[in-house]
Amino acid sequence: MQHKTDFLLRVGNRWRAARTHYRDQLIKELSAMFDQFHDLGLADPHFSQRLATGGDSEHQQRLAEMLLAKHLLDRGFTLASTHTGPDFKATKDNISVWIELVTPEPRGIAPNWLSIGDDNGVSSYPHTEIALRYTSALKEKHEKLTGSARNQAGYLGKGIVGSSDPYVIAINQHLLQNCFRTLNGISQIPTACEVLYSVGAQRFHMDRATGRIVDADHSHRPSLHKEGLDGKVAFIPADNFLNATYRSVSAVMALDLQEEALITTDPGTPKKEHLAAVIHNLHALNPVPPRFLPAQEHWVAKMSENALELLKVHGIPA
C-alpha cells in the first residue's frame with residue numbers, strides 16, 4: 001500500500017538524526033500498528049491518505065489515533081468504530097465506553113515555546129494558552145455529542161451514542177508541548193482539571209507572626225480571559241463539569257501520546273511513556289468506573305456544603 005510506505009518514509013525522515021537501531025525499531029512498530037489499525041476496521045476511508053500526505057497537524061492527529069488504539073488494545077480493550085461516530089467504542093470487562101479523541105493544534109501558542117529543544121532556550125510555560133486550547137477542544141467534542149447550530153443532531157440525536165452510554169473526550173496535548181512533557185498547568189495538577197472544575201493557581205497561607213506556611217489550596221478560576229483581534233476580552237468558561245449541560249460527558253482523558261513510547265531503550269536510558277490522566281465528571285449521567293481507563297492518575301471530585309475537593313487516585317501504569 002503506497003500510503004503506508006509514504007507514512008513510514010515520513011516518520012523515518014523525522015527520525016533521521018536518531019540512532020539507527022531506535023529508528024529501525026520505531027518503523028517496525030509503526031508498520032505493525034498501521035496494519036493492526038486497518039485490519040480492525042478502525043480507519044475511515046481517508047485515514048491513510050491524511051496520515052501519509054496531510055499537513056503536519058493532520059498527520060499528527062491521525063498518528064495519535066493509532067497510538068491511542070494501541071495503548072488501549074495492549075491493555076486488554078477491544079475496539080470498534082462506526083466511522084460516522086466517535087473514534088472508538090472501547091470495551092473491557094463487559095463495560096463499553098465511547099472515546100472521542102482530539103489533538104488540538106498550537107494556535108495562539110508562541111513559536112519560540114514550541115521550538116525549545118532539550119538543550120537550548122528558555123521560555124515561560126504558556127499555561128493560559130494551553131488551557132484555552134483545552135476549552136476549545138472540549139466545546140467542539142461536546143457539540144459533536146449533543147449537537148449545535150451547525151451540527152444539529154449530534155451523536156446522541158443520530159442514535160450513534162445511546163443515552164445510557166458513557167462518553168469520554170480524550171485530549172492529546174502533544175502538539176502544544178516542546179521537549180518539556182507534562183499534563184499539568186499553573187495549578188500543578190492537570191490542565192484538564194483546571195478547565196473542568198474552575199481550578200486556578202496554588203495559594204499558600206502564611207502565619208503572619210512566624211512567616212510559616214500553615215495551609216495550601218487553589219484559587220477559584222471559573223473562566224479564562226481571551227483577548228480577540230479587536231482587543232476585546234472574552235470570558236471562556238472553565239467550570240464545564242459544574243455545568244449541567246456537560247452531564248452527558250462522563251470524563252475527560254488528558255493525554256500526551258508520544259511515538260517514542262514504542263521504543264525499547266538501551267539499558268540505563270529511561271523509557272518514554274504516554275502521559276495520561278482521567279478526570280471524572282462529578283455529575284455524569286453515565287459515569288466511567290475509576291481506574292477503568294489506563295492512566296497514571298485519575299481525578300475524582302467531592303462536593304461539600306462550601307467547597308469542592310479534587311482527589312487524585314493513582315491508576316494503572318499507562
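All values below come from the heavy atoms of this structure, side chains included, with hydrogens, waters and symmetry mates left out. Since the model is a prediction, treat every value here as computed from it, not as a measurement.
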State the [atom1]-[atom2] distance between [X] and [Y], to the nearest 0.5 angstrom.
X: Tyr197; Y: Asp239; atom1: OH; atom2: CG; value: 11.0 Å
X: His59; Y: Asp6; atom1: NE2; atom2: CG; value: 11.5 Å
X: Asp44; Y: Thr84; atom1: CG; atom2: OG1; value: 10.5 Å
X: Asp56; Y: Gln60; atom1: CG; atom2: CD; value: 5.5 Å
X: Asp87; Y: Lys144; atom1: CG; atom2: NZ; value: 8.0 Å
X: Arg107; Y: Arg133; atom1: CZ; atom2: CZ; value: 5.5 Å

Is there a continuous path of hydrophobic side-chain contacts, each under 4.5 Å between heavy atoms, that joins [X] to [Y]?
X: Ile171; Y: Leu175; answer: no
X: Leu255; Y: Leu63; answer: yes
X: Val102; Y: Leu156; answer: yes
X: Leu285; Y: Leu145; answer: no
X: Leu9; Y: Leu26; answer: no

Kindly say whether [Y] contributes a backbone atom to a donor-acceptor pair with the side chain of [X] at under 3.5 angstrom?
X: Glu58; Y: Leu51; value: no
X: Glu309; Y: Val300; value: no
X: Lys92; Y: Arg75; value: yes
X: Gln25; Y: Thr264; value: yes
X: Arg14; Y: Val11; value: no
X: Arg62; Y: Arg50; value: no
X: Ser136; Y: Leu132; value: no
X: Asp93; Y: Ile95; value: no
X: Gln296; Y: Ala276; value: yes
X: Gln173; Y: Leu176; value: no

| task | Verify side chain to side chain contact (heavy atoms under 4.5 Å, CB included) between Lys226 and Thr135, making sure each step is shown before the conclusion. | result | CA-CA 11 Å; Lys226 181 180 181 181; Thr135 59; over 6 Å; no

Can you confirm whether the side chains of [X] and [Y] place a donor and an acceptor under 3.5 Å from each other?
X: Glu297; Y: Trp299; answer: yes
X: Ser57; Y: Gln61; answer: no
X: Asp256; Y: His174; answer: yes
X: Trp15; Y: Glu259; answer: yes
X: Glu194; Y: Tyr134; answer: no
X: Lys4; Y: Ser31; answer: yes

| task | Decide yes or no on side chain to side chain contact (heavy atoms under 4.5 Å, CB included) for Asn286 and Tyr167, but give the supporting numbers first. | result | CA-CA 8 Å; Asn286 306 300; Tyr167 177 84; over 6 Å; no

Verify whether the ring centers belonging to [X] and [Y] lie closer than 6.0 Å.
X: His225; Y: Phe235; result: yes
X: His38; Y: Phe47; result: yes
X: His3; Y: Phe7; result: no
X: Tyr155; Y: Trp98; result: no

Looking only at heavy atoms, what is the nearest atom pair of [X] and [Y], with distance?
X: Ile27; Y: Gly12; value: CD1-N, 3.8 Å
X: Ala131; Y: Arg221; value: CB-NH2, 4.5 Å
X: Phe77; Y: Phe292; value: CZ-O, 3.4 Å
X: Ser81; Y: Pro86; value: OG-O, 4.2 Å
X: Ala254; Y: Leu183; value: O-CD1, 3.7 Å
X: Val278; Y: Ala251; value: CG1-CB, 4.0 Å

| query | Going through the checks in order, is the ring-ring contact (aromatic ring centres under 6.0 Å, His included) test met by Tyr246 and His142? | reply | CA-CA 7 Å; Tyr246 269 77; His142 177 247; 3.9 Å; yes

| query | Is there side-chain contact between Pro294 and His71, with at least one heavy-atom pair below 4.5 Å? | reply |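 Of all side-chain heavy-atom pairs linking His71 with Pro294, at least one is under 4.5 Å.
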
| task | Going by the side-chain contact (heavy atoms from CB on, under 4.5 Å) test, name the single residue among Ile99, Leu79, Thr103, Asn172 that passes it with Leu68. | result |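 Only one option passes, and that is Ile99.
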
| query | Yes or no on side chain to side chain contact (heavy atoms under 4.5 Å, CB included) for Cys193 and Ile279, after CA distance, side-chain angles and deciding distance? | reply | CA-CA 7 Å; Cys193 290; Ile279 295 80; 3.5 Å; yes

| query | Phe37 vs Phe88 aromatic rings, parallel, tilted or perpendicular, using cut-offs 30° and 60°? | reply | perpendicular

| said: Pair Met33, Leu67 - check side chain to side chain contact (heavy atoms under 4.5 Å, CB included), show working. | reply: CA-CA 8 Å; Met33 191 172 72; Leu67 290 171; 3.9 Å; yes

